[in-house]
Amino acid sequence: MNSLSESGNDDVRSGPELSVVVGERRQLINLAYRLLGSLADAEDAVQETYTRWYAMSRKQQEAIESPGAWLTTVASRVCLDVLGSARARRERYVGTWIPEPLPDRLEWVVGRADDRGTDRADPADRITLDESVNMAFLVVLESMTPAERVAFILHDVFRYPFAEVAEIVGRSPAACRQLASSGRRRIRAERTTAAPAGGPAGQAGLVRNFKEAWENKDIEALVGLLDPEAIMTADGGGMVGTVLHPVEGAEDIAAYLIHIADKAPGLTLAERTVNGRPGLVALYRGVAVTVAAIDLTDGRVSRIWAVRNPEKLGAWTGAGL
């Protein structure tokens, strides 16, 4: 991130608070990704935050009691603005918008480059994977208003007190409490995740069985592994071909998966961690063309989120595949 090392101000670069300021980047990326559901947007939001910090004079910076709190406040407000404009953009989005999937940190691509060919990968780019980044959780966050999402994430995920959330969001602590409570109700009402017996190992085993049934074009096995009311949603963003509406029901999903296998005989599947949980990556000629986040209910596959938009698969290019 060039702005951190090339601010053009020697006093700022050599200031005693530089390590503190730079050290906040990982926290800011983690916050921004949960708020925006997009790594690219999160990185842009954090870049804008640091740009505003380095635009201040040395005297203005020294007047800030807590640089970390200032950076969090600015990043959250930038994200709040982005969320407001994102709603209009997503109304024009072709098909369903799904949050950008992330690989496990051990599979992360080292040496990602930006549009100028500049290497911008470092440990701070890696998102801490926990329950607040699994795909089911992120999808529910998409149903929240921007203010609900910011208040809920800041308080319930990052444990900021409502007094601080209020300063960030620009509302009263009581109003922020209500926003977070509303977000919590959405989570309870819409999130139906139930891990299978055996926990993560059980889920990994089920995903492996699902992969093998798909590879073998065993429609009966696929139907047996799918919840009867399962839903599969795909995101191609209008850039690649895919279904524009959710496919519902075990039989229809299984038939669609077999159709895909028949249509793309060179397609291979790899078991990978997707947003902290076992999932699948479809590869064509060694390139990731689909990343599938999988959710389970009562030991069966209940939701599949298939991200095909190539703009959301940058982190998966060569990611341990």
Side-chain angles (χ1 to χ4, degrees), residues 24 26-39 41-42 45-46 48-49 66 68-91 93 96-102 127-195 199 229 231 233 246 274-277 293 295-298 302-303 305:
E24 291 293 323
R26 178 167 187 159
Q27 171 82 350
L28 296 176
I29 288 285
N30 273 275
L31 172 64
Y33 174 73
R34 287 162 175 80
L35 289 177
L36 301 177
S38 163
L39 181 59
D41 288 347
V46 173
E48 172 63 21
T49 299
S66 173
W70 186 94
L71 291 167
T72 297
T73 297
V74 172
S76 298
R77 289 174 178 169
V78 169
C79 289
L80 190 57
D81 290 341
V82 172
L83 285 170
S85 61
R87 289 204 156 194
R89 292 199 310 273
R90 288 172 192 172
E91 287 179 359
Y93 195 81
T96 303
W97 190 94
I98 297 176
E100 180 180 347
L102 293 179
I127 305 295
T128 301
L129 300 177
D130 57 26
E131 283 301 297
S132 67
V133 294
N134 77 66
M135 192 61 74
F137 190 89
L138 291 176
V139 169
V140 175
L141 291 179
E142 288 297 311
S143 69
M144 298 182 186
T145 67
E148 278 178 341
R149 187 166 182 167
V150 173
F152 174 78
I153 291 295
L154 284 171
H155 180 266
D156 283 44
V157 177
F158 288 89
R159 302 302 178 188
Y160 280 81
F162 283 117
E164 293 183 24
V165 175
E167 291 186 12
I168 293 172
V169 178
R171 303 196 186 189
S172 69
C176 290
R177 187 183 299 275
Q178 290 180 343
L179 287 169
S181 178
S182 176
R184 218 171 291 126
R185 285 195 298 272
R186 290 180 186 267
I187 293 289
R188 286 196 297 264
E190 299 183 41
R191 187 180 176 197
T192 59
T193 301
E229 299 181 357
I231 300 174
T233 307
V274 181
N275 284 65
R277 292 188 177 181
D295 204 19
L296 308 179
T297 300
D298 298 329
S302 56
R303 290 299 305 261
W305 293 278

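Under the 3.5 Å distance criterion, the side-chain polar atoms of R34 are left unmatched by any main-chain donor or acceptor of I153. No side-chain donor-acceptor contact under 3.5 Å links R171 to the backbone of C176. Between the side chain of S182 and the main chain of Q178, no donor-acceptor pair closer than 3.5 Å is present. Not a single donor-acceptor pair under 3.5 Å links the side chain of N134 to the backbone N or O of N275. Judged by distance alone, the side chain of R303 and the main-chain N or O of A293 form no donor-acceptor pair under 3.5 Å. Within the 3.5 Å criterion, the main-chain N or O of S302 finds no donor-acceptor partner in the side chain of D295.
Counting heavy atoms from C-beta on, the side chains of P99 and V139 come closer than 4.5 Å. Proximity of L154 to L31: side-chain heavy atoms (C-beta onward) are separated by under 4.5 Å at one or more points.
Taken to the nearest 0.5 Å, the CZ atom of F137 stands 11.0 Å off from the CZ atom of R277. Between the CG atom in L71 and the CG atom in L28 there is a gap of 5.5 Å [rounded to 0.5 Å]. Note that CG of L80 and CG of L35 are 8.5 Å apart. Values are rounded to the nearest 0.5 Å. Taken to the nearest 0.5 Å, the CG atom of N30 stands 8.0 Å off from the OG atom of S132. Of the inter-residue distances, the one linking S76 atom OG with R149 atom CZ reads 12.5 Å to the nearest 0.5 angstrom. L179 contributes atom CG, which lies 6.0 Å from atom OG1 of T145 (distance to the nearest 0.5 angstrom).
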- Message: Could you go through M144 and I187, starting from their C-alpha distance and side-chain angles, then the distance that decides it, and tell me whether this counts as side-chain contact (heavy atoms from CB on, under 4.5 Å)?
- Response: CA-CA 9 Å; M144 298 182 186; I187 293 289; 3.9 Å; yes
- Query: M135 and I98: side-chain contact (heavy atoms from CB on, under 4.5 Å), yes or no, with the steps?
  - Reply: CA-CA 9 Å; M135 192 61 74; I98 297 176; 3.9 Å; yes
- Show your reasoning for whether side-chain contact (heavy atoms from CB on, under 4.5 Å) applies to L138 and Y33. CA-CA 10 Å; L138 291 176; Y33 174 73; 3.4 Å; yes
- Would you sort out whether T72 and Y160 count as a side-chain contact (heavy atoms from CB on, under 4.5 Å), showing the intermediate values? CA-CA 11 Å; T72 297; Y160 280 81; 3.3 Å; yes
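A pairwise comparison of heavy atoms in C79 and L36 identifies O-CD2, 3.6 Å as the closest pair. Between A75 and T49 the shortest heavy-atom distance is CA-OG1, 3.2 Å. Between A166 and S172, the shortest heavy-atom contact is CB-C, 3.8 Å.
Classified by interplanar angle (parallel below 30°, tilted 30° to 60°, perpendicular above 60°), the ring pair W97/Y93 is perpendicular.
Within 6.0 Å of the CZ atom in R177, the count of heavy atoms belonging to other residues, nucleotides or ligands does not exceed 12.
S181 and R185 form a side-chain donor-acceptor contact under 3.5 Å, judged by distance and modelled atom types alone.
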